Amino acid sequence: MKNILKRRRYTWQSIASRTLIVLITTAIIVWFLPRNEGKHFHYDIGKPWMYNSFIAKFDFPIYKTDQTVQRERDSLLALFQPYYNFDTSVEKRALDKFNDDYPDDSLGIPKSAKALVVSRLSELYQTGIISTPEYNSLSEDTTALIRVVNGKEAKSNMLRNFYSTLSAYEHIFADKELASLRPILQKFNLNEYIEPNLLFDKERNETEKNDLRSSVPLASGMVISGQKVIDRGEIIDEYTYRVLNSFEREMKRRTATTQEITSTLIGQTLFVLIMITMFTIYLSLYRKDYFDKPRSIIMLYGLVTIFSVFVTLMMRHNLFSVYILPIAVVPIFIRVFLDSRTAFIAHVITVLICAITVKYQYEFIIIEIVAGLVAIYSLRDLSSRAQLFKSAMLITIASAAVYLSMQLIQTDSFDKMDADMYKHFIAGGVFLLLTYPAMYIVEKTFGFSSNVTLVELSNTNKGALRDLSEIAPGTFQHSITVGNLAAEIANKIGANSILVRTGALYHDIGKMANPVFFTENQAGTNPHDNMPYTESAHIIISHVADGLKIADRYGLPQFIKDFIVTHHGTGMAKYFYIKQKNEHPNDDIDESQFEYPGPNPFTREQAILMMADSVEAASRSMSEYTEEAIATLVDNIIDKQVADGFFTDCPITFSDIRQAKTVIIDRLKSIYHTRISYPELKKD
């Protein structure tokens, strides 16, 4: 009864945790989805209309494009005549200043000359003077007109009828009547008395310009309610595009309310919730073991969420083409670190969620699903990082080929094809190469191990394995033999052969601490002969703890440490235990002194290593290597491990164990097969 209640409690906890994951993932994705743009169709010039016949439901204007409106406004503003106020006070102020600065008979200047200068200055002011910078900017157009405001009256005049401050000064010196008085004029410093009296009216000019801009109509026609705009399959031209765009603008103006936003939010939440729930159901049915591995769940749901958010942000802010974003990273990572089927399902879910934000959903879904399939196929057996470059190239080619085929279906000429899209595919392929460094980050962050990492760790010419071959050569040879045997078993039962082989190479590295205490490294002398059995057992057992220390020193990943601590499980150093028991039959023996710390294997690969390691080590002490003796040895050792419960915590089956026995027996028979004796040559 207690077990039933415990199992029910575990089931409810699992359902609650998975529901929480679904809700959190859905909330994050929906939070970033756009909701303030109103409902709209997806269409573009030169593309076929993918929906049913479009018939106007109400009257609406056909709005001009922003470029057209701006062009019409610019053409009107090009004819605009700027307003200048005629300030009569400037003339009086300048002439009064001149008379004050040069009173009669000052500087010996004749009154007639002074009067003539005053007369010419007055004429200039009566005509009108504009500041030189403003005059020069307006004079670029030789036909430029300005409107001079004098009181309540505004008249248009040619710009050339007025003076700039510079041309007014030059005009006085060019006057024929004043030509003989130039020496006297130079004493007056006339620049101080020539000021602009036509002043730019900034406020009035802005008002008039705004009136001109607003006079340009934003629409160029009307669509009447009931009018058919376009049929399904028809190619959208520029005019139809404007009509459809005008309809959306009018819809947005009419119905952009809180109610519509709420409706959109509900729809988005429901859609994303369905997608994430489907993904979770798949994992619950076919990959439920992932829920026991938090790092796997975090990576799976994290990848779906991150790329869905990235696509949304790119579309919302109109940053780049969505095809620049390498969504194929999702199936690549999941294929490399988990499995192919989950990689495909996760990719499809990601693409479908992203599709609700992109413009051309049908096109996007097809291209991205093909890219994901190519990514999974090309990384079926990842053994080197160079394969990622090959995969990126194949994904780029496949995406471009699919897009080309879709264009050929929709258009009848190569000239109408969008060549820029292929640049986006190439850019996406380049960004896909970032998978190479990102894979290393994911491995370190989540503790995963790719086949590439396993192959690199299996290199016996460097690191801990090189040192093992030099310090404990017997142990090194034993590890290689066990690794090959374990890999053959793994291939037979469908386990990870590269993983178990790599773990086997490192499982005994702790023997480097005291190599001579292990028989495979001894050359005649056995140091255990003169030691208490408990002390000998302690040294033998300590190779597990020493192995963990050495693994830390070399920076080996956690899965290597798992193989180190589980290859003996919670078994005993039986040789020394039996010796102690036989010599002291009446003593109470502390069995914990002869037991390994464990734990027992918790993966199929660790169980395979335990079987292969135990049998290979025991086979070295056999007196004869007949088929019957080998089979008996294998059965006894592995059956005893099963009986002792070493494999109760790992998902290995009796069928797997039976096949493992068969592989080990065949392998040992080939290793220890009987050779024929060669005859000696007789001498005459």
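Model, not experiment: these values are computed from the prediction. In this chain, residues are counted from 1 in sequence order. Basis for what follows: all heavy atoms, side chains included, without hydrogens, waters or symmetry-related copies.
- Under the side chain to side chain contact (heavy atoms under 4.5 Å, CB included) test applied with Met611, the options Val634, Leu485, Val642, Ile652 reduce to a single match, Ile652.
- Neither side chain, Asp339 nor Tyr286, offers a donor N or O lying under 3.5 Å from an acceptor on the other.
- Lys561 pairs by the salt bridge (Lys or Arg N to Asp or Glu O under 4.0 Å) definition with Asp552, not counting sequence neighbours.
- Each salt bridge (Lys or Arg N to Asp or Glu O under 4.0 Å) pair with one or both residues in residues 605-619, not counting sequence neighbours, appears once here: Glu616-Arg620.
- Tyr377 and Ser391 share no donor-acceptor pair across their side chains, judged by distance under 3.5 Å alone.
- In this pair, Phe337 and Phe333 present their aromatic rings tilted. The plane angle is within the 30 to 60° band.
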Extract all donor-acceptor atom pairs below 3.5 Å that involve side chains of residues 536-543 and protein atoms in other chains or at least two apart in sequence.
unit_1 : atom_1 : unit_2 : atom_2 : d
Ser536 : OG     : His528 : ND1    : 2.9
Ser536 : OG     : Pro532 : O      : 3.3
Ser542 : OG     : His538 : O      : 3.2
Ser542 : OG     : Ile539 : O      : 2.7
His543 : ND1    : Ile540 : O      : 2.5
His543 : NE2    : Asp508 : OD1    : 3.2
His543 : NE2    : His567 : NE2    : 3.2

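- A distance-only check finds no donor-acceptor pair linking the side chain of Asp644 to the backbone of Phe646 [under 3.5 Å].
- Within the model, atoms CD1 of Ile560 and OH of Tyr554 stand 14.0 Å from one another, a figure rounded to the nearest 0.5 Å.
- Arg18 and Ser284 share a side-chain donor-acceptor pair at under 3.5 Å.
- Gln558 and Asp562 form a side-chain donor-acceptor contact under 3.5 Å, judged by distance and modelled atom types alone.
- Taking the salt bridge (Lys or Arg N to Asp or Glu O under 4.0 Å) definition, one finds that Glu627 meets it with Lys669, sequence neighbours left out.
- Every residue two or more places apart in sequence or in another chain was checked for a ring pair (Phe, Tyr, Trp, His ring centres under 6.0 Å) with Phe271, and none qualifies.
- When the ring pair (Phe, Tyr, Trp, His ring centres under 6.0 Å) test is applied to Phe594, the partners found at least two apart in sequence or on another chain are Tyr577.
- Counting non-hydrogen atoms of other residues, nucleotides and ligands closer than 6.0 Å to CZ of Arg604 gives a total above 12.
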